[in-house]
Number of protein chains: 2
Amino acid sequence: MDISKKSLLTPAEAAKLLHVAPTTIRHWAQIGRLPFISTPGGHRRFDRNDILSLMSTPKINVKNDFSILIIEDDKEFADMLTQFLENLFPYAKIKIAYNPFDAGDLLHTVKPDVVMLDLMMVGMDGFSICHRIKSTPATANIIVIAMTGALTDDNVSRIVALGAETCFGKPLNFTLLEKTIKQLVEQKKATS
Amino acid sequence: MDISKKSLLTPAEAAKLLHVAPTTIRHWAQIGRLPFISTPGGHRRFDRNDILSLMSTPKINVKNDFSILIIEDDKEFADMLTQFLENLFPYAKIKIAYNPFDAGDLLHTVKPDVVMLDLMMVGMDGFSICHRIKSTPATANIIVIAMTGALTDDNVSRIVALGAETCFGKPLNFTLLEKTIKQLVEQKKATS
DNA sequence: ACGGAATCGGGTAATTAGGGAG
DNA sequence: TCTGTCCTAATTACCCGATTCC
């Protein structure tokens, strides 16, 4: 069988392409590093593009096992938050989505462990983004920390009802945020 | 029941849809996992719906054979385009992103073969979306068909330079669009 | 209706895959 | 982080006469 013309690969074929053992391919599929689809019998099939994308991914991406995505259109605020998080998690990969498209895109390319989500953005509804994240199996276990300038009871209960882990007002209470985020991350590691 | 959406598949066709070898289809038919009818000569024919229902089994996640993503914030226009495409590709999976977040999200969850991309949207820059698609290995070979109300030389050359396969003006010339899209799809199938 | 190429069915053997612990 | 191993299950290759398609 000529695999050079197929776009959907079996584990063995994918293994050949990446120069690793089939076992490793299986492992990567299990931990979510490699997207896949299944046959009705449960065997995996890999999209050639996903394989190629993994090949061309810098090592940094592969090595980082903890990442945070900031969804925030206020550049100044986002950059400040980035600095804070870099201090808190020196080895984390931190990405910022300044616009809605990047938010949707990075959600899948970064596969973040934590999302810092601004609720009040122009042209982007934080509530529906949260709902989408929490109602999609592939992203449901991402920790969502909402942030809003209008910290009202209504907003908090709405976003928590949508699945967000917690909600912070702006400006941020960094002491409390540090404590909360560390606790949530520990909790997640313990259960997964 | 729409008769144009009914069809009987040969084992080879069913195999292709499920990303499996014809032998496997035969096996499933033998053990009763796949319903089928027989030709006078004893060859099996499968109802497309039976295949699709097997694909959408909860635990299974089979990629659609062919899918199209429409990125367009004008709901009316998008719905009209959807109807046209449904007619053109009766068995394709067609999704619409009315906003930028969905665009980025669906790009990775649907993994479309073709993207119909509006260049002039509020709060969403079609040019940078095209650039992102074409510069990311995982999405680079998606066929991008740009659409714009302002069909200027400048816009066309810009979007084509960013990697779009072609660019159409609005209102759409459906005759030409049909011809072009079919040609691009054929071309892609041949080289992939 | 004829011919040739592609595909199918049946049956079985061989290969590959998934899960999990090491 | 990657890989070899064990067991069971899913998938595929192979052979050949028959059927379909154009």
Side-chain angles (χ1 to χ4, degrees), chain A residues 1-48 50-67 90-93 110-111 113 137-138 189-192, chain B residues 6-48 50-63 65 186 189-190:
Chain A
M1 176 73 69
D2 180 20
I3 72 167
S4 67
K5 290 189 177 177
K6 284 176 55 182
S7 60
L8 221 47
L9 310 177
T10 66
E13 292 166 345
K16 247 181 232 170
L17 226 54
L18 288 171
H19 302 293
V20 292
T23 309
T24 308
I25 294 293
R26 256 183 276 158
H27 182 224
W28 286 348
Q30 283 173 346
I31 65 174
R33 178 174 301 170
L34 208 45
F36 64 89
I37 61 169
S38 302
T39 67
H43 283 200
R44 300 188 181 95
R45 297 286 119 100
F46 300 90
D47 190 320
R48 170 180 293 276
D50 292 327
I51 305 290
L52 297 179
S53 144
L54 195 61
M55 285 174 69
S56 59
T57 305
K59 286 174 189 165
I60 317 161
N61 285 10
V62 182
K63 282 200 166 185
N64 264 306
D65 58 349
F66 183 70
S67 58
Y91 302 109
K93 174 182 178 181
V110 173
K111 298 185 200 305
D113 298 279
K189 278 186 182 169
T191 55
S192 66
Chain B
K6 272 188 120 179
S7 79
L8 293 179
L9 307 178
T10 66
E13 290 166 344
K16 199 178 163 194
L17 273 179
L18 291 170
H19 304 111
V20 123
T23 308
T24 309
I25 296 293
R26 248 183 284 154
H27 181 230
W28 288 342
Q30 283 171 347
I31 65 174
R33 186 164 189 185
L34 256 184
F36 64 90
I37 61 174
S38 296
T39 66
H43 284 196
R44 300 189 180 94
R45 293 293 115 101
F46 302 90
D47 189 323
R48 186 162 209 122
D50 291 329
I51 305 292
L52 295 182
S53 77
L54 199 57
M55 286 171 60
S56 55
T57 304
K59 274 197 75 176
I60 312 302
N61 173 30
V62 180
K63 183 192 185 301
D65 191 40
E186 282 309 311
K189 277 186 182 171

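In what follows, chains carry the letters A, B, and so on, assigned in the order in which the sequence lines appear, proteins first and then strands, with residues in each chain numbered from 1.
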Which of C:dG18, D:dA13, D:dT3 is nearest the side chain of A:Pro11? It is C:dG18
Side chain proximity check, B:Leu9 to B:Arg45, heavy atoms < 4.5 angstrom: no
Calculate the interatomic distance between A:Leu8 atom CG and C:dT16 atom C1'; express it in whole Å. 16 Å
Sorted by chain and residue number, the side-chain contact (heavy atoms from CB on, under 4.5 Å) partners of B:Ser53 (sequence neighbours excluded) come out as none
If you restrict it to nitrogen or oxygen atoms, what contacts under 3.5 Å exist between nucleotides 15-22 of chain D and the protein, and what is each distance?
from, atom 1, to, atom 2, distance (Å)
D:dT19, O4', B:His43, NE2, 3.3
D:dT20, OP1, B:Thr39, OG1, 2.5
D:dT20, OP1, B:Gly41, N, 2.6

Is A:Pro40 close to B:Arg33 at the side-chain level, that is, under 4.5 Å between some pair of heavy atoms? yes
Using atom CD of A:Glu13 as one end and atom C1' of D:dT11 as the other, report the distance to the nearest whole Å. 12 Å
Atom-to-atom span, CD1 of A:Ile25 to P of C:dT16 - whole angstrom: 15 Å
Is the backbone of A:Ser67 close enough, under 3.5 Å, to the side chain of A:Asp113 for a donor and an acceptor to pair up by distance? yes
Over how many whole Å does the gap from A:Leu34 atom CG to D:dC2 atom C1' extend? 15 Å
Between C1' of C:dT7 and NZ of B:Lys16, the distance in whole Å: 15 Å
Answer yes or no: does a side-chain N or O of B:Gln30 lie under 4.0 Å from OP1 or OP2 of C:dG9? no
For A:Lys111, does the NZ atom have more than 12 heavy-atom neighbours from other residues, nucleotides or ligands under 6.0 Å away? yes
Look at B:Trp28 and D:dA10 and indicate whether a side-chain polar atom (N or O) is within less than 4.0 Å of OP1 or OP2. no
Do A:Leu34 and A:Phe46 have side-chain heavy atoms sitting under 4.5 Å apart? yes
Could you list the residues that satisfy side-chain contact (heavy atoms from CB on, under 4.5 Å) with A:Arg26, not counting sequence neighbours? A:Thr23, A:Arg44
Does A:Arg44 put a side-chain nitrogen or oxygen below 4.0 Å from OP1 or OP2 of C:dG18? yes
Atom pair distance, as rounded to whole Å: NE2 in B:His27 and P in C:dA13: 14 Å
Short side-chain N/O contact from B:Thr10 to OP1 or OP2 of C:dT7, under 4.0 Å: no
Does B:Thr24 have a side-chain nitrogen or oxygen under 4.0 Å from the phosphate oxygens OP1 or OP2 of D:dT12? yes
